[in-house]
Amino acid sequence: MTDDLPADGSAPRADENQPTDREVACFEAGVKFGSLYHQFAGTPLSPDSADALATAMEASIENQPHCEDVAVEMRDEELAAALAEGSADYTEWTGRFSEVRMRIEYGDVTVHTEMAMQDGYPLMSVDSVEES
């Protein structure tokens, strides 16, 4: 029956309750972002430790399954501005101090993601989903 076919014309899944590789890959991307953010939020951060923290963040998240690449870029100007406003020579890491890009691969699906500031909030998003 043609009424049983998915709207996109693809073949129906054997078990409709099982997520697709595309869905799993996007879920895994969310897991990686949640892990990164909550693992490192509050970590002391200074200009002297910023590069080491970025490297630790990358290495930590790349250890997780299906994560093929992580790039953490510290926002040095934002860090300098925060330090100028405070009385200490360090602050606590939050998403406002970094831009993050990840590549997640699951099955034949590659998901490219990023975390960047948008309207004062570190927005985590899926940039593209590619199926090979």
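All residue numbers in this chain count up from 1 along the given sequence.
- The main-chain N or O of V72 is found under 3.5 Å from a side-chain atom of E58 such that the two form a donor-acceptor pair.
- More than 12 heavy-atom neighbours from other residues, nucleotides or ligands sit within 6.0 angstrom of OH on Y37.
- For the atom pair CG (L36) and OG (S98), the distance works out to 7.5 Å, reported to the nearest 0.5 Å.
- Taking a 6.0 Å sphere around CG of D51, one finds it holds 12 or fewer heavy atoms contributed by other residues, nucleotides or ligands.
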T110 and H112: side chain to side chain contact (heavy atoms under 4.5 Å, CB included), yes or no, with the steps?
CA-CA 7 Å; T110 300; H112 296 272; 3.6 Å; yes
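- Within the 3.5 Å criterion, the main-chain N or O of F40 finds a donor-acceptor partner in the side chain of T43.
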Please assess E105 against R103 for the test salt bridge (Lys or Arg N to Asp or Glu O under 4.0 Å), listing each intermediate value before the final yes or no.
CA-CA 7 Å; E105 294 181 5; R103 187 179 82 242; 3.0 Å; yes
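- The backbone N or O of R96 sits less than 3.5 Å from a side-chain atom of R75, completing a donor-acceptor pair.
- With contacts defined as side-chain heavy-atom distances shorter than 4.5 Å, the pair L123/M115 does not qualify.
- Here the OG1 atom belonging to T91 is positioned 4.5 Å from the CZ atom belonging to F97, to the nearest 0.5 angstrom.
- When side chains are defined from C-beta on, M57 does not count as touching E62, because their heavy atoms never get closer than 4.5 Å.
- In this structure, the side chains of Y106 and E68 stay at 4.5 Å or more apart for every pair of heavy atoms.
- Looking only at side-chain heavy atoms (C-beta outward), I61 and M102 come within less than 4.5 Å of each other.
- For Q39 and S60, the side-chain atoms include at least one donor-acceptor pair closer than 3.5 Å.
- Linking Ile, Leu, Val, Met, Phe, Trp and Tyr residues whenever their side-chain heavy atoms come within less than 4.5 Å leaves V109 and V24 in two separate clusters.
- Hydrophobic clustering keeps F27 apart from V70 (ILVMFWY residues linked when any side-chain heavy atoms are closer than 4.5 Å, directly or through intermediates).
- With K32 contributing its side chain and P65 its backbone, the two residues share a donor-acceptor pair below 3.5 Å.
- Both V126 and I104 belong to a common hydrophobic cluster when Ile, Leu, Val, Met, Phe, Trp and Tyr are linked at side-chain heavy-atom distances under 4.5 angstrom.
- Residues L83 and P47 have side chains in contact (heavy-atom distance under 4.5 Å, counting atoms from C-beta outward).
- Interatomic distance, OG of S46 versus CG of L79, reported as 7.5 Å (0.5 Å rounding).
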Going through the distances and angles, do Q64 and S35 end up as a side-chain hydrogen bond (donor to acceptor under 3.5 Å, both in side chains)?
CA-CA 10 Å; Q64 295 186 29; S35 178; 2.9 Å; yes
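- For the residue pair S125 and E114, no side-chain donor N or O sits within less than 3.5 Å of a side-chain acceptor on the partner.
- Under the 4.5 Å side-chain criterion, counting only non-hydrogen atoms from C-beta, F33 is in contact with V100.
- Side-chain contact between L45 and Y90 is absent, with no heavy atoms from C-beta onward closer than 4.5 Å.
- Taking the side chain as every heavy atom from C-beta outward, E73 and R101 approach each other to under 4.5 Å.
- Contact between D21 and G107 at its shortest, heavy atoms only, is OD2-CA, 3.8 Å.
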